[in-house]
Amino acid sequence: MSAHVIAAPALAAATGSQGLWLVSRASGVILLVLFSAVIVLGVATRTGATTRRWPRFAVAEMHRALSLFAVALLGLHVATAVLDPYVSIGWVATMLPFTSHYETLAVGAGALAVDLAGAVLITSLLRNRLGLRTWRAVHYLAYLAWPVAFVHAIRAASYDQHLWFVAVAEWGSLAAVTTAVLVRLMTRGRTGPPRAEPDPGTPQRHLPSAGRG
């Protein structure tokens, strides 16, 4: 058997592995930026930091849309990391934190972030059944999931730090989320929960003002 016949499968495997690795790395960086945008938009919705062109309902819808897109991208990120034959990350390690023998801290932090984000997603889907108080208590886990995801990104991309766009994405996300959380903490006592928007299909009852006889 000729040498090129033997080398062809190995070259194809290496090329496929590199492709999976690149998709996993790219989706991870984009996912961190998306997750950061979700946090910032969520804070903007709670604090009322909106504009006339972007009212609260528009910011809330963007928050939900980016959250769903982030979930889909998270599935791609996890799948490509597990299917990459160059590293050994099992499906169990993506759900049970710190059980991976490969990059235990990085993969473990990623798995923990997935679990926390999954809890937020599931409770959001069951919001009407759980009640506002329970949903909000679990929803705050997003503030814990983000720093865990950031640790995962920094540790998993330690060899990519020399790339300027990776550094901008990671440290820019840190700056944006830190600023948003500080604003949320400073305005916590001065802002209440958002008022429920009236249902367009429900007729509104107009009450006379107190100044009218």
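In this chain, numbering begins with 1 at the start of the sequence shown.
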Could you list the residues that satisfy side-chain contact (heavy atoms from CB on, under 4.5 Å) with Ala60, not counting sequence neighbours? Thr45, Arg64

To the nearest 0.5 Å, atom CD1 of Ile89 lies from atom OG1 of Thr94 at 9.0 Å

Distance from Ser27 atom OG to Leu34 atom CG, nearest 0.5 Å?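 Separation between the atoms: 10.5 Å.
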
With a 4.5 Å cut-off on side-chain heavy-atom distances among I, L, V, M, F, W and Y, is there a chain of contacts connecting [X] to [Y]?
| X | Y | value |
| --- | --- | --- |
| Ile154 | Trp146 | yes |
| Val82 | Leu73 | yes |
| Val92 | Tyr102 | no |
| Val71 | Val78 | no |
| Val177 | Tyr140 | yes |

Locate the shortest heavy-atom distance separating [X] from [Y]; write the atom from each residue and the value.
| X | Y | value |
| --- | --- | --- |
| Ala142 | Ile39 | O-CD1, 3.8 Å |
| Arg155 | Ala106 | CB-CB, 3.6 Å |
| Trp135 | Ser124 | NE1-OG, 3.3 Å |
| Ser88 | Ser100 | O-OG, 4.2 Å |
| Leu96 | Thr99 | O-OG1, 2.8 Å |
| Leu66 | Ala37 | CD1-CB, 4.0 Å |

Test Arg127 against Leu132 for side-chain contact (heavy atoms from CB on, under 4.5 Å), laying out the working first. CA-CA 7 Å; Arg127 178 177 177 175; Leu132 181 61; 3.5 Å; yes

Residue pair Leu76, Val23: steps toward the side-chain contact (heavy atoms from CB on, under 4.5 Å) verdict: CA-CA 8 Å; Leu76 175 65; Val23 172; 4.2 Å; yes

Hydrophobic cluster of Leu144, others only, ordered by chain and residue number, side-chain cut-off 4.5 Å: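 Grouped by the 4.5 Å side-chain rule, Leu112, Leu116, Val120, Val138, Leu141, Val148 form the rest of the cluster around Leu144.
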
Let's go through Phe98 and Leu105 carefully: what are the C-alpha distance in whole Å and the side-chain angles of both, what is the deciding distance for side-chain contact (heavy atoms from CB on, under 4.5 Å) to 0.1 Å, and is it a yes or a no? CA-CA 6 Å; Phe98 309 109; Leu105 177 59; 4.1 Å; yes

Tell me whether Tyr143 at atom OH has more than 12 heavy atoms from other residues, nucleotides or ligands lying less than 6.0 Å away.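 Yes, because the 6.0 Å sphere around OH of Tyr143 holds more than 12 heavy atoms from other groups.
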
Is it the case that the side chain of Ser24 and the backbone of Leu20 share a donor-acceptor pair, with hydrogens and angles ignored and the cut-off at 3.5 Å?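 Here the side-chain-to-backbone pair does not exist.
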
Among Ile122, Asn128, Thr123, which residue satisfies the side-chain contact (heavy atoms from CB on, under 4.5 Å) criterion with Leu126? Ile122

Among Thr179, Thr178, Leu185, whose side-chain contact (heavy atoms from CB on, under 4.5 Å) with Val181 holds? Leu185

Please evaluate residues Arg25 and Val29 with respect to the criterion side-chain contact (heavy atoms from CB on, under 4.5 Å), reporting the C-alpha separation (whole Å), side-chain torsions for both, the decisive distance (0.1 Å), and the verdict. CA-CA 6 Å; Arg25 288 298 308 122; Val29 174; 4.0 Å; yes

N/O donor to acceptor pairs below 3.5 angstrom from side-chain atoms of residues 164-176, sequence neighbours left out:
residue : atom : partner : partner atom : Å
Glu170  : OE1  : Gln161  : NE2          : 2.9
Ser173  : OG   : Ser36   : OG           : 3.4
Ser173  : OG   : Ala169  : O            : 2.5

